[in-house]
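What follows is one structure encoded as structure tokens, with my remarks underneath.
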Amino acid sequence: MKKTLLAFAILGLSTGVMAQEAADKTFQAGLTMAIGPNFQKMGTKIMASDGSGLDLTIGMNGVWSFNENVGFNTGVEFDFSTLKYKTSSTEEIYYWYNDSKILQQDEVAGDANKQLFRMSTRAQKGTYLTIPTMLLFRTNFIGYFRYFGKFGLRNSFLLTNKINDNGVNYGLDIPGSPIEISGENLNMKAKGDMFFFKAAVGLSGGAEWNFSGSTSLVAELGFYYGFTPLHLDKNDGNTTLFTAAGVNGTLEDNHFSNQATQQQLQFKVSILF
């Protein structure tokens, strides 16, 4: 009995020493990876969300501890985001393009090599540089573990944007009897389509496991609500999309910009030193 009590005492002492080493650190930093679905809330009835997209995040995170229970979490992350759209059931959406460039409306008349595309679905792939700014509230260590909640902002800056469309290509001679060819337009560029800044407010919760010295494995689940637009709302001359009215040359085109905001679920794993 005495040996059993002694073993538990030694185990408790070693656990407390290891946890105390992590608890006493003012600053922790390390690598992070996250994945989760995103959901677009549409601001137009001409286009619709085509189910959930996906965000993959890699980067570095750091935590400054004001005391053992309160801290500030920030870092530098790269988000690889895919947004999925489709046309509505009542509208057909078109754009003009040349090679891999989707033309703005004021560029169409001067481009002799333009081609017409009717879009059915769109996967828009953006790469963002993200700086999280989160307040961190956590418990004291209970053995090797402590638990936390975060609240704050994710601030994202657009670096690259590519578009993959499914639909129908047309020949150059649109009036008359154009030939429809089903196909894909991959790795397309649309100047000024995406808004350069994306901000989301959110909260997350999780656990930290101090498994060796001051090194910890952190897992968390968060929800983020985007309150900035994903796309620029442009005037007719700078838009790229239009509905079917003007294709036959007898009616005026209805130019428009896509409109959406984003919500995101994120499962995140970090290792901090």
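Counting from 1, the numbers follow the sequence of the chain as shown.
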Sidechain-backbone polar pair: T127 side chain, L159 backbone, donor-acceptor under 3.5 Å: no
Interatomic distance, N67 atom CG to T26 atom OG1 [nearest 0.5 angstrom]: 10.5 Å
Honestly curious: do M33 and F267 fall in one hydrophobic cluster under the side-chain, below-4.5 Å linking rule? no
Distance-only side-chain donor-acceptor flag, Q40 / N38, under 3.5 Å: yes
Crowded around K101 NZ? As in, over 12 foreign heavy atoms under 6.0 Å? no
Step by step, work out the side chain to side chain contact (heavy atoms under 4.5 Å, CB included) result for N187 and N164. CA-CA 6 Å; N187 294 320; N164 294 334; 4.0 Å; yes
Output the distance between atom CD (E107) and atom CD1 (I102), rounded to the nearest 0.5 Å. 11.0 Å
Looking at A200 and Y224, what are the two nearest heavy atoms and their distance? CB-CB, 4.0 Å
K150 side chain vs G206 backbone, donor-acceptor pair below 3.5 Å: no
Under the side chain to side chain contact (heavy atoms under 4.5 Å, CB included) criterion, do F141 and E208 qualify, and how do the steps go? CA-CA 9 Å; F141 271 103; E208 176 183 347; 4.0 Å; yes
Check each of Q259, M47, Q124 against H231 using the side-chain contact (heavy atoms from CB on, under 4.5 Å) test, and report the only one that passes. Q124
For residues 123-133, which residue pairs pass the salt bridge (charged side-chain N to carboxylate O under 4.0 Å, His left out) check, not counting sequence neighbours? none
What's the shortest heavy-atom distance between P132 and N61, and which atoms? CG-ND2, 4.3 Å
Atom CD in Q28, atom CD1 in I271: separation rounded to 0.5 Å? 11.0 Å
Under a 4.0 Å threshold between the charged nitrogen and the carboxylate oxygen, would E68 count as salt-bridged to R146? no
Is it true that a side-chain atom of Q263 and a backbone atom of K41 form a donor plus acceptor pair closer than 3.5 Å? no
Which class fits the ring pair Y147 and F145: parallel under 30°, tilted 30 to 60°, perpendicular over 60°? parallel
Main-chain N/O of A199 paired to T228 side chain as donor or acceptor, under 3.5 Å: yes
Suppose the criterion is ring pair (Phe, Tyr, Trp, His ring centres under 6.0 Å): which pairs have a residue in residues 32-80, not counting sequence neighbours? F27-W64
Answer yes if F211 and V269 sit in the same cluster of Ile, Leu, Val, Met, Phe, Trp and Tyr residues linked by side chain heavy atoms under 4.5 Å apart, and no otherwise. yes
Using the ring of each side chain (for Trp, its six-membered ring), is Y94 parallel, tilted or perpendicular to Y170, with breaks at 30° and 60°? tilted
Might you point out which heavy atoms bring K198 and S81 nearest each other, and give the distance in Å? NZ-OG, 4.4 Å
Among R122, M119, R118, whose side-chain contact (heavy atoms from CB on, under 4.5 Å) with I93 holds? M119
Report the residues that fulfil ring-ring contact (aromatic ring centres under 6.0 Å, His included) with Y128, sequence neighbours left out, ordered by chain and then residue number. none
From CA spacing to verdict: side chain to side chain contact (heavy atoms under 4.5 Å, CB included), V168, F117: CA-CA 6 Å; V168 174; F117 188 81; 5.9 Å; no
By salt bridge (Lys or Arg N to Asp or Glu O under 4.0 Å), D55 pairs with (sequence neighbours left out) none
Atom pair OG/CZ of S204 and F223 - distance to nearest 0.5 Å: 12.5 Å
Under 4.5 Å between side-chain heavy atoms, hopping through other hydrophobics if needed: is there a path connecting L158 to M188? yes
Can you check side chain to side chain contact (heavy atoms under 4.5 Å, CB included) on N185 and I163, steps first, answer last? CA-CA 8 Å; N185 275 3; I163 295 171; over 6 Å; no
In the structure I gave you, are the side-chain heavy atoms of L116 and W96 within less than 4.5 Å of one another anywhere? yes
On a heavy-atom basis, which atom in F256 and which in I46 lie closest, and how many Å separate them? CZ-CG2, 3.5 Å
Are M134 and V76 linked, directly or through intermediate hydrophobic residues, by side-chain heavy-atom contacts shorter than 4.5 Å (ILVMFWY only)? no
For residues 76-95, which residue pairs qualify under salt bridge (charged side-chain N to carboxylate O under 4.0 Å, His left out), counting only residues two or more places apart or in two chains? E77-R154, E77-K268, D79-R154
Look up atom OH in Y97 and atom CG in N169, then write down how far apart they are to the nearest 0.5 Å. 3.5 Å
For the student: nearest non-hydrogen atoms of A260 and M42, plus distance: CB-SD, 3.9 Å
Let me confirm one number: the CD-CG distance from E220 to L136, rounded to the nearest 0.5 Å. 9.0 Å
Please examine the side chains of L31 and M60, heavy atoms only from C-beta on, and report whether any two atoms are closer than 4.5 Å. yes
Between Q262 and L83, is there a side-chain heavy-atom distance shorter than 4.5 Å? yes
Out of curiosity, does L221 fall in the hydrophobic cluster containing W209 (side-chain heavy atoms, cut-off under 4.5 Å, transitive links)? yes
State, to 0.1 Å, how close E184 and N166 come at their nearest heavy-atom pair, and which atoms those are. CG-OD1, 3.0 Å
The ring-ring contact (aromatic ring centres under 6.0 Å, His included) partners of F157 (sequence neighbours excluded) come to F197
